[in-house]
Amino acid sequence: MASILIHNIRRLITPLAANKNDSGHPLHEIEHAAVWIEGGVIKEIGNSRDLMKRVPNTIERRDAQESLMLPGFVDCHTHPVFVGNRAGEFFMRNRGANYLDIAAAGGGIHASAKKIEDASIEQIVRESLPRFESSLSFGVTTIECKSGYGLTWKGEEKLLVALREIEKIVPQKMSKTFLIHVVPKEWNAKREEFSSLVTEEMIPEVAERALASCVDVFCEDGAFTVNESRRFLTAAKAEGMTVTIHANQFGHSGGALLAAELGARSADHLEYLNDEEIRSLVDAGVAGVALPACVFFMGSIPYPPMRKMLDSGMRLAIATDLNPGTAMTESIPFCMTAASIYGRLSIAELIWAVTFDAARVLGYEQQVGSLEAGKSADFSLWDVPNIESIAYLLGSSKPRQVWIGGESVLENDDILERY
């Protein structure tokens, strides 16, 4: 990787690792900044005029054209590999249909599973790639990717292998998660046998082949019980994998308390969360991941109590929950808008939630999540007057350039400067 100096940055804005325990979520800002990159890693950040003088003339220079620079966004909860879409369900739900109505009409998770069963790995890769490209266009440089729509091992293996192939193609850094979603229809009468299959065969296979580094479970009525979820995640931890939980999306399912009990890396969704559950998560050091696009998309569940979560000392990340059924978006900026409106979050809290704290959820905070010497040169350049505009310009915020590892991976030449 070549050396390069990015100069003429109007303002560089970033969390700092040194402030990671600061509840005030301070942002470090440098006016008229420059970034010196060596081998894909940030060597030095400083004043543009000063670095222009000190950096050897042999090093390539790139003019940021007075853009704002932010760390690359980290989308720490997505379901990006699937086939087809479920657009019809969106309109059914808006007309009052519930989960059972949608399932009876041939929709829902099992419909996605059937499409995976019928698809080749090549088709899964082909249909999923545009979602990664779209995510990148919104400034996402690190992305967590879950399986979960295969349900059976045959389907889940397809998805995990497809993710491995996609990882070779896309520039984003990827964290892969094996999601135990719901019981396949053919196993409904043999639930205990399916649980044994998951713990004794599926999870060890995923771990042995390094198909994923984390295991997730949907702990909810209609999916898996607390005891079943505990069994799965305990097996995953025994294999040396990290664990996370889809928790408390439709009620007080016990998932949040289980996340605290097991010391999960995060508890995700948390639309229903009381003071006891918040305190347990805080005491256990478990981060909360809010998914406001899902709440917006469904229109029938409350937003997580994001303000209370932060004020209680919980680390909070915000992610898209990109999935075909309940959050069909790759836009982190839209999620920031929704979190600001319905969570009463400040712009500094939003930036932390989609950069450094999201990186911490994935265990990547030593590599990404902030712009600091020694970290990967993953950043985006924005033609907006201030960082507040990213959430303010509803649905239209995109960076002009995205860089990963010191290389330009996306240039939106048609982005207009906004005021």
(request) Measure the OG1-CZ distance between Thr177 and Arg265 for me, rounded to the nearest 0.5 Å. (result) 4.5 Å
(request) Identify which one of Lys115, Glu117, Arg126 satisfies the side chain to side chain contact (heavy atoms under 4.5 Å, CB included) criterion when paired with Val83. (result) Lys115
(message) Checking the side chain of Arg230 only, and the main-chain atoms of Leu262 only, is there a donor and an acceptor separated by less than 3.5 Å?
(response) no
(message) Main chain of Glu144, side chain of Thr78: is a donor-acceptor contact present, judged purely on distance under 3.5 Å?
(response) yes
(message) Given 3.5 Å as the limit, does a donor-acceptor pair link the side chain of Thr199 with the main chain of Phe232, or not?
(response) no
(message) Considering only residues two or more places apart or on different chains, which pairs with a residue in residues 358-367 satisfy side-chain hydrogen bond (donor to acceptor under 3.5 Å, both in side chains)?
(response) Asp357-Arg360
(request) Would you please say whether a donor-acceptor pair under 3.5 Å links the side chains of Ser389 and Asn386? (result) yes
(message) Any side-chain to backbone donor/acceptor pair from Ser48 onto Asn8? Under 3.5 Å, distance only.
(response) yes
(message) Counting only heavy atoms from other residues, nucleotides and ligands, does the tally under 6.0 Å from NE2 of His32 exceed 12?
(response) no
(request) Inspect the surroundings of CZ in Arg49 and state if more than 12 heavy atoms from other residues, nucleotides or ligands are less than 6.0 Å away. (result) no
(request) Verify whether one side chain among Ser3 and Lys43 offers a donor that lies under 3.5 Å from an acceptor in the other. (result) no
(message) Let me confirm one number: the NE2-CD1 distance from His7 to Ile4, rounded to the nearest 0.5 Å.
(response) 9.0 Å
(message) Nearest 0.5 Å, please: how far is OH in Tyr272 from CD1 in Ile301?
(response) 7.0 Å
(request) In sequence, state the C-alpha distance, the side-chain angles, and the governing distance for Glu330 and Val140, and then conclude on side chain to side chain contact (heavy atoms under 4.5 Å, CB included). (result) CA-CA 9 Å; Glu330 298 93 5; Val140 173; over 6 Å; no
(message) Using the rule given for side chain to side chain contact (heavy atoms under 4.5 Å, CB included), can you reason through Leu70 versus Trp382, listing the C-alpha separation, both sets of side-chain angles and the distance that settles it, and then say yes or no?
(response) CA-CA 8 Å; Leu70 291 174; Trp382 300 76; 3.8 Å; yes
(request) Only one of Glu165, Glu167, Glu156 passes salt bridge (Lys or Arg N to Asp or Glu O under 4.0 Å) with Lys176; say which it is. (result) Glu167
(message) Side chains of Ser67 and Arg400 only: does a donor on one sit below 3.5 Å from an acceptor on the other?
(response) yes
(message) Check the orientation of His246 and His269. Use parallel for under 30°, tilted for 30 to 60°, and perpendicular for over 60°.
(response) tilted
(message) Is it the case that atom OH in Tyr392 sees more than 12 heavy atoms from other parts of the structure closer than 6.0 Å?
(response) no
(request) For ring pair (Phe, Tyr, Trp, His ring centres under 6.0 Å), just list the numbers for Phe296 and Tyr342, CA-CA rounded to whole Å, side-chain angles, deciding distance to a tenth of an Å, and then say yes or no. (result) CA-CA 10 Å; Phe296 178 88; Tyr342 298 105; 7.7 Å; no
(request) Using modelled atom types only, decide if a donor and an acceptor are shared between the side chain of Ser340 and the backbone of Met336 within a distance under 3.5 Å. (result) no
(request) Identify the residue among Leu258, Val286, Val226 that makes a side chain to side chain contact (heavy atoms under 4.5 Å, CB included) with Ile245. (result) Leu258
(message) Looking at Ser137 and Ser134, would you say the former's side chain and the latter's main chain have a donor-acceptor pair under 3.5 Å?
(response) yes
(request) Decide if atom CD of Glu208 counts as having more than 12 heavy atoms of other residues, nucleotides or ligands within a radius under 6.0 Å. (result) no
(message) Ring of Phe82, cation from Arg131 - is the NZ or CZ under 6.0 Å from the centre and inside 45° of the axis?
(response) yes
(request) Mind telling me whether Phe218 and His181 have parallel, tilted or perpendicular rings, with 30° and 60° as the class edges? (result) perpendicular
(request) Evaluate the side-chain proximity of Trp153 to Val206: yes if any heavy-atom separation is below 4.5 Å, no if none is. (result) yes
(message) For the backbone of Ile121 and the side chain of Lys158, can you confirm whether one donor and one acceptor N or O come within less than 3.5 Å of each other?
(response) no
(request) Would you check if the side chain of Asp321 reaches a backbone N or O of Ala293 as a donor-acceptor pair within less than 3.5 Å? (result) no
(message) Using a 3.5 Å distance criterion without hydrogens, assess whether the side chain of Glu220 forms a donor-acceptor pair with backbone atoms of Gln249.
(response) yes
(message) Quick one: does any side-chain atom of Ser253 pair with a main-chain N or O of Gly255 as donor and acceptor, under 3.5 Å?
(response) yes
(request) Over all heavy atoms of both residues, which pair between Leu12 and Ile45 is shortest? Give the atoms and the distance, please. (result) CD1-CG2, 3.9 Å
(request) Check whether the side chains of Asp268 and Ser266 place a donor and an acceptor atom closer than 3.5 Å, and report yes or no. (result) yes
